[in-house]
Amino acid sequence: MSLDLRLALPALAVWLTAGLLIAAPTSAGVVAVTLWLLAGGCIVVLVVSRMSWRGARESPAARGTMRSTSLGSARGLVNVLGFWPALGGSLVLCCAGAALAATAVAVWTPVRLPAEVRAAAGSHATITATVTVWTVPVAAKAFIGSGTSGRVRYRATLTQLDSRGETAPVASTVVVFAEAATGGSEPEIGSSIQMRGTMRLTAPGDAAVALLFATDTAHSVAPPPWWLQWANELRARFKTAATDLVGDGGDLLPGLAIGDTSAVSPALDAAMKTSSLSHLTAVSGANCAIVIASIMLLGGYLRLRRSWRIGLSILALLGFTLLVTPEPSVLRSAVMATLTLVSIGAGRPGRGVPTLLFVVIGLLVIDPWLARNYGFALSVLATAGLLVLAGPLARVLAQWMPMALAAIIAIPLAAQLACQPVLILLSPSLPLYGVPANILAGPAAPIATVVGLFACLALPLLPGVAAGLLALAWLPSAWIAAVAHGVSQLPGTRLPWPGGAPGMLLLSLVTLLTLVVVLRGPAARPARWPAAVLAVLLVGLGGYAGALIGTGIGRVVSFPPDWQIAACDIGQGDAVVVRDGDQYALVDVGPDPQLLAACLATLGISHIDLLVLTHYDLDHIGGVDAVLGKVDTALVGAPENAQDERLHERLLAGGATVRQASSGDVGTLGRLRWNILWPVRGATTMQVGNPGSITILFDGRGIRSIFLGDLGEESQSALLRSSPPGRVDVVKVAHHGSADQSPELYAELRARVGLISAGAANTYGHPTEKLLHTLVAVGTLAVRTDREGLAVVAPGADGTLVLWTEKVAERGPPPQPTQPPTQPPTPPTPP
């Protein structure tokens with residue numbers, strides 16, 4: 001198979017240039033000028049070299065010179081000049097494409113982020129903003145009291161900014177966090193609304209320039225235009241009809257048919273991600289191909305001319321794009337499909353790989369901020385994998401099985417191999433059952449998509465027929481959901497792999513060398529270097545894994561996917577995560593935002609539903625910058641000074657709902673219920689500092705846990721008198737294991753695991769021998785972050801606990817206390 005990869009280097013140059021410059025847009029102008037000059041210089045050299053090459057080939061003097069004894073240098077010059085046109089042409093394309101991307105960044109940066117937006121965000125002032133909505137509002141949960149925050153988020157374009165009496169027209173992409181509209185009537189795509197709120201700039205390179213946090217109810221300024229309104233009505237009607245169907249099949253169907261995942265529950269979403277099936281709910285090239293194929297086949301049945309069929313297909317594709325909303329993956333698919341149709345109409349059908357590369361270059365030049373969009377990258381890589389790898393892999397597999405079965409396996413395998421290096425950046429692990437899950441669920445996806453889309457289109461005209469089609473589409477949709485749940489519950493669903501850029505490069509190299517070895521034909525000339533390098537890599541990785549297993553760190557393979565509690569290793573401080581599905585609570589944020597950000601990235605957490613700041617010591621609040629703008633609800637204690645109040649203001653400016661917590665407050669985190677035990681509401685003593693630490697208890701999914709902040713013995717005893725917590729499974733030990741503890745409280749708790757968050761070689765002597773003796777006396781296993789790093793607890797079978805730690809450390813007990821425990825609890829499952 002021959003591949004036309006002439007545009008591969010230019011596409012890579014454009015992608016790298018855009019990806020780098022959007023993070024440093026101030027240098028885009030200089031880079032653009034430099035690249036244009038370089039491209040012009042390459043063109044001049046290319047023209048001169050062509051003329052010299054032809055002259056050298058045609059001149060009798062040159063031919064005579066080449067016969068002379070000094071011919072070597074002349075022949076070498078001619079050979080170099082003959083090779084230069086091919087190399088020079090590719091270099092010109094690379095420089096020109098990169099220059100276009102740099103120019104686009106330089107031109108669009110001041111438009112996207114004008115001085116007015118930068119000033120409003122920097123001052124944290126309340127502004128009046130007029131925005132145009134471009135995505136479906138998605139509900140955000142905070143799990144306080146009733147369990148919902150009544151907030152939604154959506155992408156929009158900020159079109160007008162009123163700040164401090166001055167009005168400025170702008171055109172900035174923002175993400176809006178706003179209170180849900182009364183009666184469930186959320187803003188529609190294309191509508192213009194006005195609201196008051198505050199803004200916070202995002203990191204350079206983000207597709208949105210700012211986060212807009214509404215502080216009051218938005219009101220409509222203008223309805224959507226007619227060419228968007230029909231899609232809004234059809235989308236809403238189909239979602240309502242589909243979600244009326246029972247089970248996860250109805251919730252998943254809008255995503256399969258029209259890419260609307262707003263009805264997917266957190267549990268189903270987590271299962272789809274764990275089983276590597278989440279791409280099925282995103283509209284892709286397959287959906288666009290289905291639309292085009294349907295129109296072309298129907299046109300052929302009606303004997304329409306090819307030009308009419310192509311025109312109708314393009315119109316249908318445009319309507320479909322409006323219906324599913326032009327997300328980056330949809331945009332890539334639609335543009336590529338349109339180019340393919342145009343080339344067919346012109347009588348010169350294009351090839352897949354060059355068309356894909358041309359579309360990548362065009363879209364990145366138009367919108368350079370796509371360069372860091374994971375959806376766009378995964379869409380391009382999946383398509384490239386199918387175009388380049390699916391056929392060869394199927395032919396190799398067909399040596400041992402029927403061709404049809406080989407194709408079924410090769411298609412998801414090719415897409416998985418192409419996308420996995422980028423997926424490593426999102427989650428540093430490899431899906432063990434991703435390909436089998438796609439083999440099981442993949443055949444059902446086109447059926448659900450086609451039938452669901454026909455049902456969507458039939459709803460306004462033939463509601464009875466649409467109801468029947470919905471029932472038919474529900475079956476494959478329910479099957480996909482069942483596969484996702486079944487696969488996600490298998491043991492060892494994901495295998496560990498190094499994260500970040502090193503992990504991505506390592507996996508890319510291993511994948512490439514493996515493909516070179518596997519896909520070489522039997523008649524091909526033997527090439528020993530790929531096999532040798534692959535063997536060295538595999539032996540090296542195997543030895544590395546063996547060493548890890550030998551030292552105990554290889555237990556990372558057994559990292560429990562259903563973990564519920566994770567104590568971050570952030571030095572001398574507290575930062576503990578409680579989780580149910582994809583809903584997260586964070587109790588304290590440690591002393592350092594970088595350490596906290598690293599821990600949250602390791603755990604794959606980008607959003608905090610509930611933040612609990614137990615008190616205002618630096619080792620509990622110093623890392624708050626890592627979560628600003630990512631928190632739904634924050635529970636805090638009574639502020640002790642103006643600095644604490646400013647912390648509340650920063651959380652509010654970041655879009656969080658800030659509540660002062662006290663005993664009696666309750667709420668939910670997914671299927672977990674939490675309640676505040678301390679401080680006592682209305683009490684006048686022990687309300688600030690360590691004695692006033694918020695104490696929260698979580699209960700559900702087989703684990704009962706309590707988090708004691710920095711409570712000392714006196715306040716622990718008062719807690720025991722006012723709100724006896726009863727027995728728990730896990731306790732976050734108070735004050736990093738200091739000696740100021742109440743043995744009576746720990747005897748009341750009788751926890752199976754005691755998490756101690758302390759810094760290695762800290763100067764406080766934490767945890768103390770007294771505290772360790774206390775835990776031994778009540779049968780609590782001490783797990784220390786200073787020795788064992790990140791510690792994770794998950795529910796096990798038959799009421800047991802599964803404990804996993806990042807490092808191996810000796811857990812031998814300290815010298816035995818004088819009074820041994822009278823009734824030791826069941827120990828956790830050893831890691």
Side-chain angles (χ1 to χ4, degrees), residues 138-149 151 248 251 261-275 278 427 481 484-491 493-494 559-568 575-588 599-600 602-612 627 630-635 656-657 661 665-677 694 696-707 728-732 751-753 755 790-797 799-804 828:
V138 179
K141 296 183 178 180
F143 315 103
I144 295 290
S146 63
T148 60
S149 66
R151 289 162 27 115
D248 289 333
D251 295 338
T261 60
S262 58
V264 175
S265 66
L268 177 57
D269 181 60
M272 295 287 286
K273 291 177 180 176
T274 302
S275 56
S278 59
S427 175
H485 282 299
V487 171
S488 66
Q489 294 173 8
L490 294 175
T493 53
R494 305 194 74 88
F559 186 94
D562 60 340
W563 64 271
Q564 185 178 136
I565 302 171
C568 292
V576 187
V577 180
V578 181
R579 165 198 181 225
D580 182 54
D582 64 349
Q583 300 165 13
Y584 300 94
L586 177 61
V587 182
D588 288 326
C599 179
L600 295 180
T602 299
L603 297 171
I605 300 172
S606 59
H607 184 77
I608 303 297
D609 300 287
L610 178 66
L611 173 66
V612 182
V627 295
K630 303 176 182 179
V631 177
D632 276 348
T633 297
L635 299 181
T657 301
D665 292 343
V666 297
T668 58
L669 181 79
R671 293 166 290 174
L672 307 181
R673 180 174 177 82
W674 59 260
N675 63 293
I676 303 298
L677 305 180
I694 295 174
I696 187 170
L697 186 145
F698 289 88
D699 191 4
R701 283 188 54 217
I703 297 180
R704 197 166 188 262
S705 56
I706 190 171
F707 301 80
V728 299
D729 299 292
V730 178
V731 57
K732 199 292 297 180
R752 289 185 276 175
V753 173
L755 298 176
L790 173 68
V792 170
V793 183
T800 60
L801 297 181
V802 176
L803 175 63
W804 179 95

Which heavy-atom pair separates [X] from [Y] by the least distance, and what is that distance?
{"X": "H485", "Y": "L268", "answer": "NE2-CD1, 3.8 Å"}
{"X": "R704", "Y": "V728", "answer": "O-CB, 3.4 Å"}
{"X": "C599", "Y": "L790", "answer": "SG-CD1, 4.2 Å"}
{"X": "D632", "Y": "D609", "answer": "CB-O, 3.3 Å"}
{"X": "P795", "Y": "I703", "answer": "N-CD1, 3.6 Å"}
{"X": "A484", "Y": "M272", "answer": "CB-SD, 3.5 Å"}

query = Given the rule in the side chain to side chain contact (heavy atoms under 4.5 Å, CB included) test, do V587 and K732 qualify, once you have shown the distances and angles that lead to the verdict?
reply = CA-CA 10 Å; V587 182; K732 199 292 297 180; over 6 Å; no

request  = May I ask you to decide whether D729 forms a salt bridge with R752, counting only side-chain N to carboxylate O separations under 4.0 Å?
outcome  = yes

inquiry  = Any heavy-atom pair between the side chains of V578 and L672 that's under 4.5 Å?
reply    = yes

request  = Indicate yes or no: at least one non-hydrogen side-chain atom of L677 is less than 4.5 angstrom from one of I706.
outcome  = yes

task = Using the side chain to side chain contact (heavy atoms under 4.5 Å, CB included) rule, take W674 and L610 through it: C-alpha gap first, then chi angles, then the decisive distance, then the call.
result = CA-CA 11 Å; W674 59 260; L610 178 66; 3.5 Å; yes

Rounded to the nearest 0.5 Å, what separation is found between the [atom1] atom of [X] and the [atom2] atom of [Y]?
{"X": "L755", "Y": "F707", "atom1": "CG", "atom2": "CZ", "answer": "7.5 Å"}
{"X": "I694", "Y": "D588", "atom1": "CD1", "atom2": "CG", "answer": "8.5 Å"}
{"X": "I696", "Y": "L669", "atom1": "CD1", "atom2": "CG", "answer": "9.0 Å"}
{"X": "K630", "Y": "S606", "atom1": "NZ", "atom2": "OG", "answer": "7.5 Å"}
{"X": "L801", "Y": "S705", "atom1": "CG", "atom2": "OG", "answer": "10.0 Å"}
{"X": "I608", "Y": "T633", "atom1": "CD1", "atom2": "OG1", "answer": "12.0 Å"}

message = Applying the side-chain contact (heavy atoms from CB on, under 4.5 Å) criterion to W563, which one of V793, L603, V802 satisfies it?
response = L603

The single option from V731, N675, I676 passing side-chain contact (heavy atoms from CB on, under 4.5 Å) against L697 = N675

